[in-house]
Amino acid sequence: MLERERIIEIVVAVAAVLLMLGVMIGIGSEYGGNGQAMSTDGGEMLVIAIVGFILLLTAVGIALAFVLNDPEDGLEADDDTDAQSAA
């Protein structure tokens, strides 16, 4: 069985990809259609959607790193460790 954190990561990633696909389909149906080439406005919207997707996944990754970080993992800096290494 998968861990709770791994399931959360999978669900968030799949939701983000489905959102991106929905946006791309929406742009394609709005700015193109019936076998026509996409207009220049549609191309610009598609580029904006791709950049937005990259920024969205970056924000989601950072948010998941903070939310799913367990204190037991030892990822936080301990003040005692820093003081001991300086001596």
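Just so we're clear, the structure is a prediction, and the values are computed from it rather than from any experiment.
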Mind listing the side-chain donor-acceptor pairs of residues 38-51 below 3.5 Å, one per line with the distance, residues two or more places apart or on another chain?
| from | atom 1 | to | atom 2 | distance (Å) |
| --- | --- | --- | --- | --- |
| Ser39 | OG | Gly42 | N | 3.3 |

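In this structure, the side-chain contact (heavy atoms from CB on, under 4.5 Å) partners of Glu5, at least two apart in sequence or on a different chain, are Glu3, Leu68, Asp70. Residues satisfying the side-chain contact (heavy atoms from CB on, under 4.5 Å) criterion with Val11, sequence neighbours excluded, are Ile7. Taking Leu57 as the reference, Ala16, Phe53 meet the side-chain contact (heavy atoms from CB on, under 4.5 Å) condition, with sequence neighbours excluded. Applying the side-chain contact (heavy atoms from CB on, under 4.5 Å) rule to Glu30 yields no partners; only residues at least two apart in sequence or on another chain are considered. Under the salt bridge (charged side-chain N to carboxylate O under 4.0 Å, His left out) criterion, Glu9 pairs with Arg6, not counting sequence neighbours.
Using a 4.5 Å heavy-atom cutoff, the side chains of Leu56 and Leu19 are in contact.
For residues 50-67, no residue pair satisfies the salt bridge (charged side-chain N to carboxylate O under 4.0 Å, His left out) rule, not counting sequence neighbours.
By the 4.5 Å side-chain criterion applied to Ile, Leu, Val, Met, Phe, Trp and Tyr, Ile25 is assigned to no cluster and stands alone.
Expressed to the nearest 0.5 Å, how far CD1 of Ile10 lies from CG of Leu2 amounts to 5.0 Å.
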